[in-house]
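Input: a single structure, listed below in structure tokens.
In what follows, every chain begins at residue 1, and chains take the letters A, B, ... in the order their sequences are listed.
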Protein chains: 2
Amino acid sequence: MRPTVHDIAEKAGVSLATVDRVLNRRKGVRAETVLRVEQVIASLGYQRDLAAANLAKSRVYPLVFVVPEGENSFMRGLEMAVHEARRRSSVERTDIRLLTVPPFDEGALAYALDGLNIEGLAGVALVATESPAVRRSVARLADAGVPIVTLVSDLPSARRRHYVGIDNVAAGRTAASLLGRFLSHRPGKVAVLAGSMLVRDHVERRLGFDQVMRAEFTDLEVLPVIEGRDEAETAERLVGEMLDRERDVVGIYSLGAGNRGLISALKARGLNGKIEVVAHELTDHARQALADGVFAAVINQDAGHEVRSAIRVMKALADGVDLVDGQERIRIDIFLRDNLP
Amino acid sequence: MRPTVHDIAEKAGVSLATVDRVLNRRKGVRAETVLRVEQVIASLGYQRDLAAANLAKSRVYPLVFVVPEGENSFMRGLEMAVHEARRRSSVERTDIRLLTVPPFDEGALAYALDGLNIEGLAGVALVATESPAVRRSVARLADAGVPIVTLVSDLPSARRRHYVGIDNVAAGRTAASLLGRFLSHRPGKVAVLAGSMLVRDHVERRLGFDQVMRAEFTDLEVLPVIEGRDEAETAERLVGEMLDRERDVVGIYSLGAGNRGLISALKARGLNGKIEVVAHELTDHARQALADGVFAAVINQDAGHEVRSAIRVMKALADGVDLVDGQERIRIDIFLRDNLP
DNA sequence: CTGAAAGCGCTTACAG
DNA sequence: CTGAAAGCGCTTACAG
């Protein structure tokens, strides 16, 4: 049988209250008593039963998710996943708040973070934008002891405790590898459509893409990045201009959102299916484009998995317990027409 | 606040013991009392706190995993994942037993299932082999009320309650799609290496592969399936004979195990990197082959995820509670050299 | 057929 | 600085 607080109390010759004080590092216990109890704890190999502790405490984990607002379908999917998670709140003992902030707006994100009531917060998960202001806000929360988790786009070096998302450099490399192989021996130009070079996930995908293109597919010329702000209309206009301007575009890597605009631009010129396209995020539009042969492949990250993982991670950080690492690794999902779920 | 058994007891004017009897459908309660209590339960929207119930019951879930023995690296990885899960037993309240049986041996699998002590069993997860004997054994367990989960290879129509694994037809289609595109406009023959046409996962992968090959890549000729019994030596010999016999083999789909033998056969003939290979399961050998350019792509299912999912599913079935569907969908992972984890 | 009381493993006022 | 007792939400003998 697993040892309990009763076993510790008996063996150490103290009361349950004292055992609890030592277990939870609360003050007001004589140093030598602490020592004695700790020795018993170690000798018994005691491990707290978290479920029982949470029952006794009526523990609830107040969590906050901060997600960019706007038309980006992936972000809306992320929002849906947060709402799903809220429905499980009573079972999971969570109390989840969802905040949306204007996209690509460092100030707005920092402001939202600064406005959080830190009191009792068990964790904050945010889709990060790179900026000193955001870093400062994250540092402030971290100083207050709130576990911070970055979601989808990381903010390394910052005081975040964990990143929940795919390896974006690897994703970019994978996109290049697929595109290059699909285009085997078909020289020409490859365009890159991004949202903004201000968010780290986009920057990293582009980096990985360029690495592999330069190293392995030298007969393909990569054009300068187009920044469509993850908006369908902007993407449509800019991609359209590019297609009208350039000859010999054989491939496109769409590493951000705005795929609806990209698809329109291709169709308007009868180029759907003629140009190999690798895109990100399996939204409804992307799914349709795969089925129609407009997209050759879609690289995806599972928003549901990400939200569940973020919640598990924040709770574990708040409780100081271990994670099952493999369970928290977010996969680079690759979808072709043939493995659509 | 969420209503508790105390609220029910008070509102229904009965004791906690009676509430518990009704909640757990135990007999020995007057019909009208049952009715009254049930009405109160419904009116309060009561939901049992499973953690508290398990604490009170000192509930433990006895689970059994049945996995084929032998050299198949993927199965050994599955076994490792089960051992990992055992390490979490005290936290997850599980008591996990691992049984190994000879591979591709219907009789041995049925015998192992029949030998199980059903008493109190919360679930059985098995890598299924297709056969009437296995179906009978599964039915017997199901009749005894034991939740059965198939793992990796399904046994549809049988009395299993859930399948934990990838969609193998889709996996086969995906393999064909990748291979066909990588070989674009390079006509020739494609070989298929399987373990055995007795296990459903292999049959289904082949089916999906053929579907796409016939429909989309008509300049590729698919050779008859080679059955290597998932053994490296057998695979090496049979693939070697095939390579020596056939001209113009441009691609190979390895849909089972025995990849070590396949790699040796290719290398012995200096064909590594010359023939496009799509294989299954990211074992150490497959990983190395990807890195070396011997394999173009590897389709994988995450053994850790499968074992964790099987455990969650069996516990949920035993308790009669709902699952988070998205969490239990096993992905078809596609690995290229560029997204190796 | 029904209920009072104790208990699962932990925490929390409160009293001393 | 320490402990006795009650309580978290549920279940389980035991008695009637």
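- Within the structure, salt bridge (Lys or Arg N to Asp or Glu O under 4.0 Å) pairs that include any residue of residues 28-46 of chain B comprise B:Arg25-B:Glu38, B:Arg30-B:Glu32 (at least two apart or interchain).
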Quick one: which protein N/O atoms are closer than 3.5 Å to N/O atoms of nucleotides 1-3 of chain C? Pair and distance per line, please.
| residue | atom | partner | partner atom | Å |
| --- | --- | --- | --- | --- |
| C:dT2 | OP1 | B:Arg30 | NE | 3.2 |
| C:dT2 | OP1 | B:Arg30 | NH2 | 3.0 |
| C:dT2 | OP1 | B:Thr33 | OG1 | 2.7 |
| C:dT2 | OP2 | B:Arg30 | N | 2.9 |
| C:dT2 | OP2 | B:Thr33 | OG1 | 3.4 |
| C:dG3 | OP2 | B:Ser15 | N | 3.0 |
| C:dG3 | OP2 | B:Ser15 | OG | 3.3 |
| C:dG3 | OP2 | B:Thr18 | OG1 | 3.0 |
| C:dG3 | N7 | B:Arg21 | NH1 | 3.3 |
| C:dG3 | O6 | B:Arg21 | NH2 | 2.4 |

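- Atom CG of B:Asp20 is separated from atom C1' of D:dC14 by 15 Å (rounded to the nearest Å).
- What separates NE2 of A:His6 from P of C:dA6 is a distance of 14 Å, to the nearest Å.
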Worksheet item: Dot-bracket for DNA chain C, 5' to 3', counting Watson-Crick or G-U wobble pairs under 3.5 Å, with [ ] for crossing pairs and | for inter-strand pairs?
Response: |||.||||||||.|||
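- Rounded to whole angstrom, the span from the CG atom of B:Asn24 across to the P atom of D:dA13 amounts to 13 Å.
- Scanning for side chain to side chain contact (heavy atoms under 4.5 Å, CB included) contacts around B:His83 gives B:Glu79, B:Arg86, B:Arg87, B:Leu98, with sequence neighbours left out.
- Shown here are the side chain to side chain contact (heavy atoms under 4.5 Å, CB included) partners of A:Asp20, two or more places apart in sequence or in another chain: A:Asn24, A:Arg26.
- Among pairs with a residue in residues 304-317 of chain B, those fulfilling salt bridge (Lys or Arg N to Asp or Glu O under 4.0 Å) read B:Arg312-B:Glu328, at least two apart in sequence or across chains.
- Contacts between residues 41-59 of chain B and DNA chain C, counted as heavy-atom distances below 4.0 Å, involve B:Leu55, B:Ala56, B:Ser58.
- Contact annotation for B:Arg93: no contact, since no heavy-atom pair falls under 4.0 Å across all strands.
- Residues passing the side chain to side chain contact (heavy atoms under 4.5 Å, CB included) test with B:Arg2 are A:Ser90, B:Gln47, B:Asp49, sequence neighbours excluded.
- Under the salt bridge (Lys or Arg N to Asp or Glu O under 4.0 Å) criterion, B:Asp167 pairs with no residue, sequence neighbours left out.
- For A:Leu16, the side chain to side chain contact (heavy atoms under 4.5 Å, CB included) criterion is met by A:Val5, A:His6, A:Ala9, not counting sequence neighbours.
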Discussion item. Using salt bridge (charged side-chain N to carboxylate O under 4.0 Å, His left out), reason through A:Arg331 and A:Asp302 one step at a time and then give a plain yes or no.
Written reply: CA-CA 8 Å; A:Arg331 288 182 192 68; A:Asp302 189 304; over 6 Å; no
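- A donor-acceptor pair under 3.5 Å is absent between the side-chain atoms of B:Tyr61 and the main chain of B:Ile311, judged by distance alone.
- Here the P atom of nucleotide D:dA4 and the CD atom of A:Glu10 are 13 Å apart, to the nearest Å.
- Every salt bridge (Lys or Arg N to Asp or Glu O under 4.0 Å) that B:Asp114 has, sequence neighbours left out, goes to B:Arg140.
- Counting only residues at least two apart or in different chains, salt bridge (Lys or Arg N to Asp or Glu O under 4.0 Å) contacts with residues 50-69 of chain B comprise B:Arg59-B:Asp319.
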